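Notes follow once the structure below has been shown.
Chain identifiers are assigned alphabetically (A, B, ...) following the order of the sequence lines, protein sequences preceding nucleic acid strands; residue numbering begins at 1 within each chain. Just so it is clear, the structure is predicted and the values come from calculations on it, not from any experiment. Values below: all heavy atoms of this structure, side chains included; hydrogens, waters and symmetry mates excluded.
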Protein chains: 2
Amino acid sequence: MVEKRLYHSVANQILELIDSGVFPTGSRLPGERDLATKFGVSRVAVREAEIALQAQGRIEIKIGSGAYVLDASNKALNGLPKVGPFELTEARALFEAESAALAAPIITDEAIAELEKYINIMSGEVVTDMSADEADEAFHMRIAQSTNNHVIIFVIGNMWKMRTEAAELQTVYKSVCDKDGSHRQDEHTAILNALRNRDPSAARAAMRAHFTRMIEALLVASEEAAYEEVKRKASESRSRFTLTQQLH
Amino acid sequence: MVEKRLYHSVANQILELIDSGVFPTGSRLPGERDLATKFGVSRVAVREAEIALQAQGRIEIKIGSGAYVLDASNKALNGLPKVGPFELTEARALFEAESAALAAPIITDEAIAELEKYINIMSGEVVTDMSADEADEAFHMRIAQSTNNHVIIFVIGNMWKMRTEAAELQTVYKSVCDKDGSHRQDEHTAILNALRNRDPSAARAAMRAHFTRMIEALLVASEEAAYEEVKRKASESRSRFTLTQQLH
DNA sequence: TTCGTAAAATTGGTCACACCAATATTGCGG
DNA sequence: CCGCAATATTGGTGTGACCAATTTTACGAA
């Protein structure tokens, strides 16, 4: 465990103490001077370590008070929270529907053409080096980009990363996608048509429908397979999302 | 443009130079001693700034060689994108409205009570150690938490961070908030009432109205003051957002 | 005793200076 | 022109000091 820079080593030692429960979440860790003595390094090294940990969101440094351990329970290494498939899909349903509605009036013909291309790739009509999954992502991201809003692009991009990086989701999503290819195709086409007509309401509805059916497919998959964790969360989300749907 | 800690300010100045193209991707930035002189701070401050930037994956520090700018395409993890006030507010209007609609049917009485408390803090009726701005954030975040959806909580929390961390936004927002205290109060009350009635549509509408008026206030502010950069972006967003509004 | 406030101690923030180690550059000899 | 050593540059670490924000302590008034 030899690091190139001293503060790396110090930061790791601090993290070990945190993860081992010596410094529980919310607690205040010893002062920089104490830690320096304890680790046998200078205060500068401890300080740099704490700055790095703060930049990673593991601790919070308060002037004149001390450094406090933040709750890292629901944070993955990349900074994105680890979430379940239902809440992710629910959030995507809401946010991507608004994204599509916002993009509809201002989407360019070029973007429309690209979306059409991605649909053809997903259906297998066009052969490229792009996988169906990549085309799916490109399809959704292209719509987000058509809003010309960097925040929306950022948010939807992050949600896709959550989907990609969560191992639990991968398993569930894959089993779902294998058996709903034709549905997905129809839904994407519906979204494209709404955008082609520059109809915000239709785009919103089509996008919502897309994710709504995805949630239903997830429910089926969670009952077939033995995803105990998923099942548990499903019972929570099912009633909630039904409520959301009846609003439209 | 005043940050709490010096190294934070230095890090932002370095980021500006990177994003403005002065230090392109892959290039080596000036030595710590040079930057310290240029920014008028000590070498320690520059060093801490670079450590923070390294922890965020923006630069790579090589011993004896220098600090090199990394490809920012992989950012967006811990680092938030720099955004303008209009696109941020537009995104918040869309996302927070859906958040409120989703929370409305399932919000607890405890949450309602808390929201009421935050409103009173903002109006000054209740005196605590919490500032009006902090109460404002707590109000919006409490609604997001009431969705029980970690993705939504994460997204809305991130948008608030963007608002806090963007220096440009601070100036504009501040000038707006100074003169719309009463409006904000009424709007928050309207949101609360909709949630109290467990009315999703009303909650969505109230939240949209809240941000719609904020955008209008931003437009006024951008015309009064000499925020050239803001003005330019305003002309883009004005027409777009008008279109969004007519959907409801 | 209880409470509020002022003094003292603690803690993070910043700085200047010094020295070491890794890396780049220079310059000399071949 | 090339290779290598001397030199300069740059990041890494340490020490000590002082400031500012915060917390704790202590003391005096009610």
Compare every heavy atom of B:Ile119 with every heavy atom of B:Leu192, then report the nearest pair and how far apart it is.
CD2-CD1, 3.8 Å

Nearest whole Å is fine: how far is C:dG13 C1' from B:Arg47 CZ?
16 Å

Donor-acceptor contacts under 3.5 Å from residues 34-43 of chain A side chains, at least two apart:
from    : atom 1 : to      : atom 2 : distance (Å)
A:Thr37 : OG1    : A:Arg33 : O      : 3.1
A:Ser42 : OG     : A:Val44 : N      : 3.3
A:Ser42 : OG     : A:Ala45 : N      : 3.4
A:Arg43 : NE     : A:Glu32 : OE1    : 2.9
A:Arg43 : NH2    : A:Glu32 : OE1    : 3.2

Between atom CD1 in A:Ile51 and atom P in C:dG13, what is the gap in whole Å?
7 Å

How long is the line joining CD of A:Glu32 and P of D:dT13, in whole Å?
16 Å

Does B:Ala91 have any side-chain contact (heavy atoms from CB on, under 4.5 Å) partners at least two apart in sequence or in another chain, and if so, which?
A:Asn149, A:Val151, A:Ile152, B:Met159

Separation of C:dT11 C1' from A:Ile59 CD1 (nearest whole Å)
14 Å

Length of the CD-P vector between B:Gln54 and D:dG12, whole Å
8 Å

I'd like a list of close polar pairs between nucleotides 20-26 of chain C and the protein, N/O only, cut-off under 3.5 Å.
none

If the condition is side-chain contact (heavy atoms from CB on, under 4.5 Å), which residues does B:Ser27 pass it with, not counting sequence neighbours?
B:Phe23, B:Pro24, B:Val69

Those residues at least two apart in sequence (or on a different chain) that pass side-chain contact (heavy atoms from CB on, under 4.5 Å) with B:Ala67 are B:Leu29, B:Glu50, B:Ile59, B:Ile61

Heavy-atom pair of closest approach, residues B:Ala93 and B:Arg208:
O-CG, 4.2 Å

Quick note, ring-ring contact (aromatic ring centres under 6.0 Å, His included) partners involving residues 91-120 of chain B, not counting sequence neighbours, are A:Phe95-B:Phe95

In whole angstrom, give the distance that lies between atom CD of A:Glu50 and atom C1' of C:dT11.
11 Å

To the nearest Å, how far apart are A:Arg5 CZ and D:dT10 C1'?
13 Å

Whole-Å distance between D:dG12 P and B:Glu48 CD?
13 Å

Can you list everything that forms a side-chain contact (heavy atoms from CB on, under 4.5 Å) with B:Ala202? Sequence neighbours excluded, please.
B:Ala194, B:Asp199

Between the protein and nucleotides 14-16 of chain D, which nitrogen or oxygen pairs are less than 3.5 angstrom apart?
from   : atom 1 : to      : atom 2 : distance (Å)
D:dG14 : OP2    : A:Ser42 : N      : 3.3
D:dG14 : OP2    : A:Ser42 : OG     : 2.8

With sequence neighbours left out, the residues meeting salt bridge (charged side-chain N to carboxylate O under 4.0 Å, His left out) with A:Arg28 are none

